[in-house]
Amino acid sequence: MKRYYITTPIYYVNSAPHIGTALTTIVADACARFQKRRGREVYFLTGTDENAPKVHRVAQERGVPTQLFVDEMAEVFERTWSALHIEYDVFIRTTEARHKHVVSEVFRRLREQDDIYRGSYQGWYCISCETFFASNKIDESRTCPDCGKPLEWRDEPCYYFRLSAYESRLREHIKANPQFIQPEVRRNETLGFINEGLQDVAVSRTGSDWGVPVPDDPESGVVYVWFDALLNYLTATGWRERGEGYLDTWPPDLQLMGKDILPRFHATLWPAMLMALGLPLPERLYGHGWWIVNKQKMSKSLGNVYAPLEVAQSLANAAGCELDYAVDAFRYYMLREMPTDADAEFSLEGFEARYNGDLANDLGNLLHRTLSMMHRYFGGRVPDGARLDAGLADLFAQQAAQTTEAFEAVDFPHGLREAWQIIGAVNRYYDEQAPWTLMKQGNAARAGQVLYAGLIAARLLSALVEPVMPKVAREIARQLNLAAVPSWNEAIAVNAFPVGHTLQEPKPIFPRLQVKQPAPSTPTPHAGEEGRAVSAPSPTSHTHQGVSNMQDTITIDDFKRLQIRIATVKAAEPVPKSTKLLKLTLDVGGEERTIVAGIAEDYAPEQVVGKQIPVLVNLQPALIRGIVSEGMMLAADVDGKAVLLHPDREIPSGSGVR
RNA sequence: GGCGGCGUAGCUCAGUUGGUCAGAGCAACCGGUUCAUACCCGGUAGGUCGGCGGUUCGAGUCCGCCCGCCGCUACCA
């Protein structure tokens, strides 16, 4: 029987995993675990894309041999995934010999059958984006329209893949197979892209020898990194060396990725390559949305990139919960809030709310109160005559079925909502039946029956939740004293606990996070405020807000969130095309920072160099006039004029202010 | 400009093929309960389902136009 083959993209190794790559990988892992639980044999592939010229360049900039660099980065990815409880079957690296052989062979084959032909290319190329731009798309600055970096002029012979030849077949396939591209937005987008006419794609690049050399023609450089990268999915099945054996895995059942690489790569170039090879196409391509942070895209230059492990670790620290469960909580949050069609907001507050609400109060507390009563009333043993009320049995079965359906559709937010209804139902059931009252009335038999529902629910939930929170599932099973988390099919059994079955002592899995003291009056956002917020964060800007609320008080904890340090101004220069802005280079105690300050009307650059000033250093970075401002200087505001503040005497840069 | 999508309670969002669809969760307020991790349960939301028309016996749910936001794409005469 064919294995369920699921893939993530291979990730660029020039930056560490963030919550975006974590999302794709966690979704893939949850899908893989879900399929396994349902009894399918699964083959789950992830890996790293190491042949990109950009990777080579980054390594060179850091003065590290490229192979060493990619080795280290690949390890960072593997370690991160392992820490996030990702259970992949293969971790592929495109620098592996077996992959390079596949790339060469595919290239050769397609060239022989004239799907790849020789031509030449002239145009502007962005190394960072690995993309060519037509002359009419760029302006005189000759910078990349996407990333703003300088473009290089390329004029060289090169090989083309005959993508245009597959235009109508691609369109027909997409139209005939609605499940092929999901969600629907991406499908429409892809069809739109195809309908504008597909151009042949340049599949060789000169200028860098890092990558797979064009076979039999090394003069032509290396194979285009996307052509190379997409083939990893084929390599991993053993297509080249296993004869027909690879068909136990091929084609992929589910290929997951971010929405950005779906329409033009995975949904056009990739299937066209497969058509050219005469191979079956993937069953389903799924492109999820992106995380946005404070209404902005995550980007390194904005500095709003979260590292998944740090997020989990900080929760573990704050809540006093085991790291494994904090990691699972992070997985839960990723999947519960997973962006599908549109992008979705990622926030620590949202994460904490899910943790306290869904995990501590709902899931954790239900297990805990059930086991507590079982121990208090029945010595931790399942009493005689306990069985599940029929109404609840039906509801459990129904919710499990809904969860299954949603997980199958990669709709985790929906599936988890369905599963959580079981918790609500049991809590209500407890409330109505009040086993504590039954005990006082001496009706232990009935009380045992009521609590039995909680045991069955907890057992069922351990199974339903396993794809999302594997360690938590195991811990639930352990507290229930089960040998293992039940399989998906077993989980719905309603007579799972024999009479006399002993239960472990309850232990909170998710210690509740202490809620911060709420501010006396919660400021509500006013219309129009956002428009002003984008103005340069000059030290005087808040005076324009006018009605600042004097009676608003904050807690000491609020204040402690502000990190203010004394910085020494190392350099200052006016920001071009602005009248109020100075770009300051600061020494913040061994660390150099750039900030943009709105003081140019009051101070000349040379007046501030060497000065020591207080700076809010944990302000969210902002892009101002093309400069990333990593903090905000503090100054007095005298009728709209900035007046610098200095320490009483010279002190070390980086000294804290409180 | 073209194509696609979105705009539903303070917040985050569900709402298959038009007829208990005006909902859930969170936040807030009130009440109940006490087995439990200050937890759980119940109640309270005067939401013109972005606006205006239309189709229909009946429309968040279909059609047209408009406004606002987003994505892709094109930057022409």
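Below, read A as the first sequence line, B as the second, and so on, with proteins coming before strands; counting in each chain starts at 1.
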Taking the P atom of each, how far is G60(B) from U17(B), in whole Å? 16 Å

Starting from the C-alpha separation in whole Å, work towards a yes-or-no answer on ring-ring contact (aromatic ring centres under 6.0 Å, His included) for Tyr332(A) and Tyr355(A). CA-CA 9 Å; Tyr332(A) 175 81; Tyr355(A) 176 81; 9.9 Å; no

Minimum-distance nucleotide to Arg369(A) side chain [options: C35(B), G71(B), U73(B)]: C35(B)

Trp270(A) and Gln255(A): side chain donor to acceptor below 3.5 Å: yes

Measure from the side-chain heavy atoms of Glu189(A) and tell me the nearest of C72(B), C35(B), G4(B). C72(B)

Regarding Tyr377(A), tell me which of base, sugar-phosphate or nothing describes its non-hydrogen contacts under 4.0 Å with the strands shown. sugar-phosphate

Has Arg376(A) got a side-chain N or O lying under 4.0 Å from the OP1 or OP2 atom of A36(B)? yes

Restricting to nitrogen or oxygen on both sides, can you table the protein-nucleotides 31-33 of chain B pairs closer than 3.5 Å?
none

Could you measure between the two C1' atoms, the one in C66(B) and the one in C29(B), and give it in whole Å? 40 Å

Taking the C1' atom of each, how far is G50(B) from U8(B), in whole Å? 10 Å

Is Asp384(A) atom CG crowded by more than 12 heavy atoms from other residues, nucleotides or ligands, each under 6.0 Å away? no

Across the strands shown, which category fits Gly192(A) at heavy-atom distances under 4.0 angstrom: base, sugar-phosphate, nothing? nothing

Pick base, sugar-phosphate or nothing for Asp362(A), based on heavy-atom distances below 4.0 Å to the nucleic acid. sugar-phosphate

Have a look at Pro511(A) and say if it touches a base, only the backbone sugar-phosphate, or nothing, with a 4.0 Å heavy-atom cut-off. base

Could you go step by step and tell me if Leu285(A) and Met257(A) meet the side chain to side chain contact (heavy atoms under 4.5 Å, CB included) rule? CA-CA 8 Å; Leu285(A) 306 169; Met257(A) 69 210 76; 4.3 Å; yes

Using a 4.0 Å heavy-atom cut-off, does Ile509(A) contact any base of the nucleic acid, only the sugar-phosphate backbone, or nothing at all? base

Assign each of Val185(A) and His414(A) the nucleotide of RNA chain B bearing its closest heavy atom; nearer the 5' end lies the nucleotide of Val185(A)

Give me the distance, rounded to whole Å, that separates A22(B) from A14(B) when you measure between the C1' atoms they each carry. 12 Å

Give me the one residue out of Trp291(A), Tyr333(A), Tyr306(A) that meets ring-ring contact (aromatic ring centres under 6.0 Å, His included) with Phe351(A). Tyr333(A)

Does a side-chain N or O from Asn427(A) land closer than 4.0 Å to OP1 or OP2 of C39(B), or not? no

Give each stem of RNA chain B as a range with a range, requiring at least 3 consecutive Watson-Crick or G-U wobble pairs whose two distances are under 3.5 Å. B:1-7 with B:67-73, B:10-13 with B:23-26, B:28-32 with B:40-44, B:50-54 with B:62-66

Need to verify one output field. Residue with the more 5' nearest nucleotide on RNA chain B, Asp358(A) or Arg428(A)? Asp358(A)

Remember a base hit wins even if backbone is also touched, and classify Ala360(A) as base, sugar-phosphate or nothing at under 4.0 Å, heavy atoms. base

Out of G42(B), C40(B), U37(B), whichever nucleotide has its closest atom nearest the side chain of Arg512(A): U37(B)

N or O in side chain of Arg187(A) less than 4.0 angstrom from G4(B) OP1/OP2: no

Asp49(A): side-chain hydrogen bond (donor to acceptor under 3.5 Å, both in side chains) partners, not counting sequence neighbours: none

Does the structure place the NZ or CZ of Lys54(A) under 6.0 Å from the centre of the six-membered ring of Tyr12(A), at an angle of no more than 45° from the ring's axis? yes

Salt bridge check: are Lys507(A) and Glu322(A) linked by an N-O gap of less than 4.0 Å? yes

Asn365(A) has its side chain closest, among U12(B), U37(B), C39(B), to C39(B)

Looking only at atom C1', what distance separates C40(B) and G23(B), rounded to whole Å? 22 Å

In whole Å, measure the gap between the C1' atoms of A45(B) and U12(B) for me. 16 Å

Mind telling me whether G60(B) is syn or anti, cutoff 90° either side of 0? syn

